[in-house]
There are 2 protein chains.
Amino acid sequence: MTSRFEPMSLTRPGVSDKGNQQILEAAAEAFNRRGFAATSIDDIADALGATKGRIYHYYRSKLDIFLDVLVASMRDLLEKLQPILTDSERSPEQRLYDAAYMHATTMMTRRSFSRVAIQGLEAPVLAEAQTKRADAVNLFIGLRDRYEDGFADLVEQGRASGVFRDVDPRLATKPIFGALNWINMWYDPAQESQAGVAAIAEEFAVFIVNGLRRREPVPGP
Amino acid sequence: MTSRFEPMSLTRPGVSDKGNQQILEAAAEAFNRRGFAATSIDDIADALGATKGRIYHYYRSKLDIFLDVLVASMRDLLEKLQPILTDSERSPEQRLYDAAYMHATTMMTRRSFSRVAIQGLEAPVLAEAQTKRADAVNLFIGLRDRYEDGFADLVEQGRASGVFRDVDPRLATKPIFGALNWINMWYDPAQESQAGVAAIAEEFAVFIVNGLRRREPVPGP
DNA sequence: GTCTATAATTTGATAGAC
DNA sequence: GTCTATCAAATTATAGAC
């Protein structure tokens, strides 16, 4: 078996990377719009100005395309998180702020991919995919768990240093991702009346760090 | 046209309320499991130990059933919120705590219905339903807006009294509902390792009120 | 590498027996 | 009021021409 985080191809063997990427983008957009079940292969082909023959040249099934979007999206988030986690110049609460800010921004600027990734977090979808493509689903879950662990570690460090309340880091992670992932549900770049990306990301990051913070200052030694 | 919040029947005329309720419960459970698009009428019928003939005796279409679940769920939340909003013995921040606690609890104890309601908040689903059943969709949106307004008012009151940070109440409402609605994504009553309903609801309500709170105490007069 | 059939299935909805 | 039978449409996936 391949290592859990090695690149793993969900495309048919030997296809070009460029055509592949085009299909992936179009699929992300289509899945984003209507969800996995309601999106047909024709929808994706239409978005490309092509017919399904093209799609099936690259992918064996609709599920494979979906999982490929999922994995790409999770990988992108994880790559952005890594340098934040290891920035030794920033305190745990500052790093949590940075991580939340990054995640919020990604939800707004890479809407299609991140929304599809969130669909993939839903238990029923994953459970069904498990039976058909356990390898890819396990890869995705592995990436997701590493990502969540990163946030939980920051919470734990902030707790240990006395800045955060005495919370269970795993449980504390839930409202954080809830608040952040939910952005996908309401943020609409076309709607002028909404605040800008930076203002929203800032408010969310403040809200999250503040929510975890102890109210009283820690007594000095 | 009927008043926006009057009871509005999505069933076929003249059917019994009891059979209707049974179908509604089964439908909520099925939609919860697999989502609107992936759920077939046969799935719902199976859950009842019946066949589709029975379903179509009560409802004209799958969309009508879905919208009926949506409205029922939103009504339930709104009815629970009302007494909290008007409890003059509690401060705005205490009432926001109560409201968040109630919402969190509802997400965990009425899983099927509330999850379906959340699916209904997704723009693509609503947009498509709009074209086919504008009356029911508008009813649902009206209920949802009233519910959100209740939360926004509490935030505004807390801000006015100096307890909460200087936030835009509308924007502040987003991470609140995000954190709370997301519970549906991960909470699993069958999983023993998770904290109990009360412990989770409490942590979420604390997190939310804390996230909005000013860090420094307000200077006295 | 992309297209045009076309096969095989699933599914929403109806009609009519009981 | 519920069931069986069935139609009509949509959709996944394949085969084979170009």
Side-chain angles (χ1 to χ4, degrees), chain A residues 9-27 29-31 33-69 116 119 124-125 128-129 131-133 136, chain B residues 9-31 33-70 116 119 124-125 128-129 131-133 136:
Chain A
S9 183
L10 285 157
T11 59
R12 298 188 116 111
V15 299
S16 92
D17 235 43
K18 197 177 130 204
N20 180 6
Q21 201 58 37
Q22 269 181 30
I23 290 175
L24 217 54
E25 293 279 348
E29 175 60 23
F31 286 136
R33 278 193 137 81
R34 335 214 324 139
F36 174 72
T39 299
S40 72
I41 304 279
D42 281 328
D43 289 338
I44 301 172
D46 285 353
L48 285 165
T51 64
K52 31 175 170 228
R54 176 137 148 225
I55 312 283
Y56 280 108
H57 178 68
Y58 288 84
Y59 287 94
R60 235 177 284 275
S61 73
K62 184 169 101 164
L63 182 63
D64 280 8
I65 308 174
F66 184 71
L67 291 172
D68 218 8
V69 175
V116 174
Q119 283 176 47
V125 184
E128 217 191 308
T131 68
K132 292 178 183 165
R133 261 222 164 264
Chain B
S9 184
L10 284 158
T11 58
R12 298 187 116 114
V15 298
S16 92
D17 235 43
K18 196 176 131 205
N20 181 6
Q21 201 57 38
Q22 268 181 30
I23 290 175
L24 216 55
E25 293 279 348
E29 175 61 24
F31 287 136
R33 280 193 135 82
R34 336 215 324 140
F36 174 71
T39 298
S40 72
I41 303 278
D42 281 328
D43 289 338
I44 300 172
D46 285 353
L48 286 166
T51 65
K52 8 170 189 242
R54 176 137 146 224
I55 312 282
Y56 279 107
H57 177 68
Y58 288 85
Y59 286 95
R60 234 177 283 276
S61 73
K62 184 168 99 163
L63 182 63
D64 281 7
I65 308 173
F66 184 71
L67 291 173
D68 217 8
V69 175
L70 241 56
V116 174
Q119 283 176 48
V125 184
E128 219 191 306
T131 67
K132 294 178 184 166
R133 262 218 163 267

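Lettering follows sequence order; numbering is per chain, from 1.
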Taking atom C1' of D:dT11 as reference, at what distance in whole Å does atom CD1 of A:I55 sit? 14 Å

Side-chain N or O of A:T51 less than 4.0 angstrom from OP1 or OP2 on C:dC3? yes

Indicate for each nucleotide in nucleotides 8-18 of chain C, in 5' to 3' sequence, whether protein heavy atoms under 4.0 Å reach the base (B), only the sugar-phosphate (S), or nothing (-). ----BBB----

CG of A:D46 versus P of D:dT11: gap in Å, rounded? 11 Å

Evaluate the ring planes of B:F66 and B:F31, with Trp represented by its six-membered ring, and classify them as parallel (under 30°), tilted (30 to 60°) or perpendicular (over 60°). perpendicular

Do you know which two heavy atoms are closest between B:K62 and B:A37, and how far apart they sit? NZ-O, 3.6 Å

Kindly compute the distance separating CD1 (A:I55) from OG (A:S40), expressed to the nearest 0.5 Å. 10.0 Å

If the helix axis at each end comes from five base pairs, how far does the helix from C:dG1-D:dC18 to C:dC18-D:dG1 deviate from straight, to 10°? 0°

Applying side chain to side chain donor-acceptor pair (under 3.5 Å), name anything that partners B:R133, two or more places apart in sequence or on another chain. B:D64, B:D135

May I have the distance from A:Y58 (atom OH) to C:dG1 (atom C1'), rounded to whole angstrom? 6 Å

Classify the nucleic acid contact of A:Y59 as base, sugar-phosphate or nothing, counting any heavy atom under 4.0 Å across all strands shown. nothing

Salt bridge (charged side-chain N to carboxylate O under 4.0 Å, His left out) against B:R34, all qualifying residues, sequence neighbours excluded: A:E128, B:D43

Using a cut-off of less than 4.0 Å, is there contact between a side-chain N or O of B:H57 and OP1 or OP2 of D:dG1? yes

4.5 Å side-chain heavy-atom contact, B:Y58 and B:I65: no

Who passes side chain to side chain contact (heavy atoms under 4.5 Å, CB included) against B:A30, sequence neighbours left out? B:T39, B:I44

D:dT4 C1' sits how many Å from B:R54 CZ, rounded? 16 Å

Could you tell me if the side chain of A:E25 sits less than 4.5 Å from the side chain of A:E29, heavy atoms only? no

Between C1' on D:dT2 and CD on B:Q22, what's the gap in Å once rounded to a whole number? 13 Å

Of the nucleotides D:dG1, C:dG1, D:dC3, which one has an atom closest to the side chain of B:A50? D:dC3

Donor-acceptor pairs under 3.5 Å, side chain of residues 10-20 of chain B to any protein atom, not counting sequence neighbours: which ones?
from, atom 1, to, atom 2, distance (Å)
B:T11, OG1, B:S9, OG, 2.7
B:R12, NH1, B:Y56, O, 2.5
B:R12, NH1, B:Y59, O, 3.2
B:S16, OG, B:G19, N, 3.2
B:N20, OD1, B:Y59, OH, 2.7

